[in-house]
Asker: 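I am attaching a structure below and will ask some questions about it afterwards.
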Amino acid sequence: MRQILEAIQSDATGVELAGLEIPESYRAAIVKRDEATMFEGVDSWDKDPRASLHVEEVATPELAPDEVYLAVMASSINFNTVWSSIFEPLPTFGFLDRMGRGNEWGKRHSLPYHVVGSDASGVVVRVGSAVRNWKPGDRVTVHCNYVDDQDPSAHNDSMLASNQLIWGFETNFGGLADLAVVKANQLMPKPTHLTWEESAVNALCSSTSYRMLVGGNGAQMKQGDSVLIWGATGGIGGYAVQYVLNGGGTPVGVVSSPERAALLNRMGCEAVIDRRAENYQFWSDENTQDESEWRRFGKKIREVNNGEDVDIVFEHPGRSTMGASVFAVKRGGTIVTCAATSGYMVEFDNRHFWMRLKKLIGSHFANYAESYAANKLLDQGRIQPLLTTTYDLSAVGDAALAVHHNEVEGKLGVLCLAPSEGLGISDPDKRARIGEDKITIFRS
Ligand code: NAP
């Protein structure tokens, strides 16, 4: 990999890169099948990714005709890597084994280890024989929607494909590594004004938020809508705030500290609720929700939102908040959800839901067109990367623990082949035009 890195750093041509040997093994962050029960009996919160995530050499798999080898310059931590590393709700080896029972190429994925990671920026170093639109030397980012497009269900909206998977979570050979195996239809041009690590942190979260709020498959926010955003300085929440502001809406951001509230204000989000300061107790015990707390929450929303209920709720905490979200959205409003960080068995009062004609939309990542549109907005400087801090790949466990314990705002970048931060900008003038302060708004 050192030769490949040197070639990238010296701006080698695509032909030169294509002439370099692909190493037989590479450095990768993995979880191990024989450790999948290591946390049995341990409380979720205490499951420590530092014990389960290992950085080791793994064998380079063969390349399928529709795939590329990517030299990964940087990657990022997503919550799905936390789930993989704590083996919740299930160890990810079941996904890999299902792939293994599929076609010849699927068999490669069922291994005693799982290379995790669902984001990457880097340089294409080899393309399979069926790859038409990309070539060695292309600088790219990767979205994580993994579909076999030779299946009719993968057309129209590929997120509805029966074979849809999330790369680096439900497939092997993901992005937290020096080399990755990526389908050609996951590639997108790297924004030219961003560094490797700034480019690597966006695709998963930004595309998810795009589909939830902007694209035709989600809540379809209109100008003038107000949108309640849980975890508004978190990964998906931070992009959601930007999409609402860009789309002429009013974000109502929920966070859990004055520092996060101040960060939201700096982003241009004026309506902010500090859920910790308000001390909401939506659940009075494990089985009972407290409607008076939902009412108190609704009153607070109107207080910060010009006396109005919100048109849309951007949901993802799940069990702890869904009851309040369904209650608080306006009559006829929409709750759009993509996750359940605090628990997936959610509960809400159906009377408030049907009598007030509300809508609940399930959303999951984004199709290629939606991811591409989200990537274009980043490239235009209309959406900013939410990079807070970077870690070296060797410290991937520390990074995953920080996300698991809700200790960070925005996104954590991970340097893979990139030897330091700040590299990879190919259009410094554009960067200056967009503005360093905007691009680095989440840097601590
Ligand atoms: P993140 O960066 O950790 O941010 C989550 C935010 O949620 C935190 O900043 C926290 O904000 C808030 N939060 C956490 N627990 C909460 C609770 N009990 N009640 C209210 N707020 C709470 O994570 P993320 O990347 O944004 O991802 C969020 C969730 O979405 C994860 O479960 C992830 O797996 C999922 N996800 C799903 C998809 C998909 O395609 N389906 C894509 C991306 C992410 P405060 O403490 O400041 O309030």
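In what follows, residues are counted from 1 in the order of the sequence shown. Numbering of ligands and ligand atoms starts at 1, following listing order.
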Asker: Among Gly231, Ser342, Gly235, Ser207, which one puts a heavy atom closest to atom 1 (P) of ligand 1?
Answerer: Gly235
Asker: Between Cys205 and ligand 1, which part of the residue brings a heavy atom under 4.0 Å of the ligand: side chain, backbone, both or neither?
Answerer: side chain
Asker: Classify the contact between His364 and ligand 1 as side chain, backbone, both or neither, using a heavy-atom distance cut-off of under 4.0 Å.
Answerer: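 The part of His364 near ligand 1 is both the backbone and the side chain.
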Asker: For ligand 1, note which part of Ser256 has a heavy atom under 4.0 Å away: side chain, backbone, both or neither.
Answerer: both
Asker: Closer than 4.0 Å to some heavy atom of Phe365 - which atoms of ligand 1 meet that?
Answerer: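 Heavy-atom distances to Phe365 below 4.0 Å select 39 (C), 40 (O).
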Asker: Provide, to 0.1 Å, the distance between atom 4 (O) of ligand 1 and the closest protein heavy atom, together with that atom's residue and name.
Answerer: Gly234 CA, 3.5 Å
Asker: Under 6.0 Å from the six-membered ring centre of Phe442 and within 45° of its axis: does the NZ or CZ of Lys411 meet both?
Answerer: no
Asker: In terms of atom number and element, which parts of ligand 1 are under 4.0 angstrom from non-hydrogen atoms of Ser320?
Answerer: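 Near Ser320, meaning under 4.0 Å from one of its heavy atoms, ligand 1 has 17 (C), 18 (N), 19 (N).
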Asker: Which atoms of ligand 1 have any heavy atom of Thr321 under 4.0 Å away?
Answerer: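 Checking each atom against Thr321, I get 19 (N), 20 (C).
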Asker: Taking NZ, NE, NH1 and NH2 as the nitrogens, is one of them in Asp34 or Lys32 under 4.0 Å from a carboxylate oxygen of the other?
Answerer: no
Asker: Residue-level breakdown please: for Thr208 versus ligand 1, do any non-hydrogen atoms fall below 4.0 Å on the side chain, on the backbone, on both, or on neither?
Answerer: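 For Thr208, the contact with ligand 1 is made by the side chain alone.
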Asker: Applying a 4.0 Å heavy-atom criterion (strictly less than), which segment of Asn406 is in contact with ligand 1: side chain, backbone, both, or neither?
Answerer: side chain
Asker: So, taking the atom named CD1 in Ile166 and the one named NE2 in His143, what distance separates them when rounded to the nearest 0.5 Å?
Answerer: 10.0 Å
Asker: What is the ring orientation for Trp45 with His405, classed by angle as parallel under 30°, tilted 30 to 60°, or perpendicular over 60°?
Answerer: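 It falls in the parallel class, under 30°.
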Asker: Is there a side-chain contact between Val272 and Asn265 (heavy atoms, below 4.5 Å)?
Answerer: yes
Asker: Does the distance from a Lys or Arg side-chain N to an Asp or Glu carboxylate O, for Lys376 and Asp379, drop under 4.0 Å?
Answerer: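 Salt bridge flag = no for Asp379 with Lys376.
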Asker: Determine, for Glu40 against Lys47, whether the closest basic-nitrogen to carboxylate-oxygen distance falls under 4.0 angstrom.
Answerer: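 Salt bridge: no.
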Asker: Drop me the distance from His352's NE2 to Arg356's CZ, to the nearest 0.5 angstrom.
Answerer: 6.0 Å
Asker: Is Lys190 close enough and on-axis enough to Trp196, meaning under 6.0 Å and within 45°, for cation-pi?
Answerer: yes
Asker: Do the charged groups of Glu278 and Lys300 touch, with an N to O distance under 4.0 Å?
Answerer: yes
Asker: Donor-acceptor pair, Ser85 side chain versus Thr81 backbone, under 3.5 Å?
Answerer: yes
Asker: Should one rank Ser209, Ser363, Ala240, Cys338 by closest heavy-atom distance to atom 37 (C) of ligand 1, which comes out on top?
Answerer: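 Going through Ser209, Ser363, Ala240, Cys338 one by one, Cys338 has the nearest heavy atom to atom 37 (C) of ligand 1.
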Asker: Any idea how Tyr280 and Phe282 line up, ring-wise: parallel (<30°), tilted (30 to 60°), or perpendicular (>60°)?
Answerer: parallel
Asker: Give me the nearest non-hydrogen protein atom to atom 23 (O) of ligand 1 as residue plus atom name, then the distance to 0.1 Å.
Answerer: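 For atom 23 (O) of ligand 1, the nearest protein heavy atom comes out as Phe79 CD1, 3.6 Å.
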Asker: From the options Ile236, Thr233, Val408, select the one whose nearest heavy atom is closest to atom 27 (O) of ligand 1.
Answerer: Ile236
Asker: Among protein heavy atoms, which lies nearest atom 35 (C) of ligand 1, and at what distance?
Answerer: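 I find the closest protein heavy atom is Ala339 CB, 3.2 Å.
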Asker: Give me the residue, atom name and distance of the protein heavy atom closest to atom 43 (C) of ligand 1.
Answerer: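 Going atom by atom, the protein heavy atom closest to atom 43 (C) of ligand 1 ends up being Leu204 CD2, 3.3 Å.
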Asker: Would you please determine whether Asn78 falls within less than 4.0 Å of ligand 1 on a heavy-atom basis?
Answerer: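 Distance cut 4.0 Å: Asn78 fails for ligand 1.
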Asker: Name all pairs fulfilling the ring-ring contact (aromatic ring centres under 6.0 Å, His included) condition that reach into residues 230-262, sequence neighbours left out, sorted by first residue then second.
Answerer: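 Every pair satisfying ring-ring contact (aromatic ring centres under 6.0 Å, His included) with a residue in residues 230-262: Tyr210-Tyr243, Trp230-Phe297.
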Asker: May I ask you to list the atoms of ligand 1 that are less than 4.0 angstrom from any heavy atom of Trp83?
Answerer: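 That gives atoms 32 (O), 34 (O) of ligand 1.
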Asker: With atoms numbered from 1 as shown, which atoms in ligand 1 lie under 4.0 angstrom from a non-hydrogen atom of Arg260?
Answerer: 9 (O), 11 (O), 45 (P), 46 (O), 47 (O)
Asker: Return the residue, atom name and 0.1 Å-rounded distance of the protein heavy atom closest to atom 29 (C) of ligand 1.
Answerer: Thr341 OG1, 3.4 Å
Asker: Side chain, backbone, both or neither: which part of Val82 has a heavy atom under 4.0 Å from ligand 1?
Answerer: neither
Asker: I need the nearest protein heavy-atom contact for atom 28 (C) of ligand 1: residue, atom name and distance, please.
Answerer: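 Of every protein heavy atom, His316 ND1, 3.6 Å lies nearest to atom 28 (C) of ligand 1.
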Asker: Just to be sure I read this right, does ligand 1 sit under 4.0 Å from the backbone of Arg275, its side chain, both, or neither, counting only heavy atoms?
Answerer: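 It is the side chain that touches ligand 1; the backbone stays farther off.
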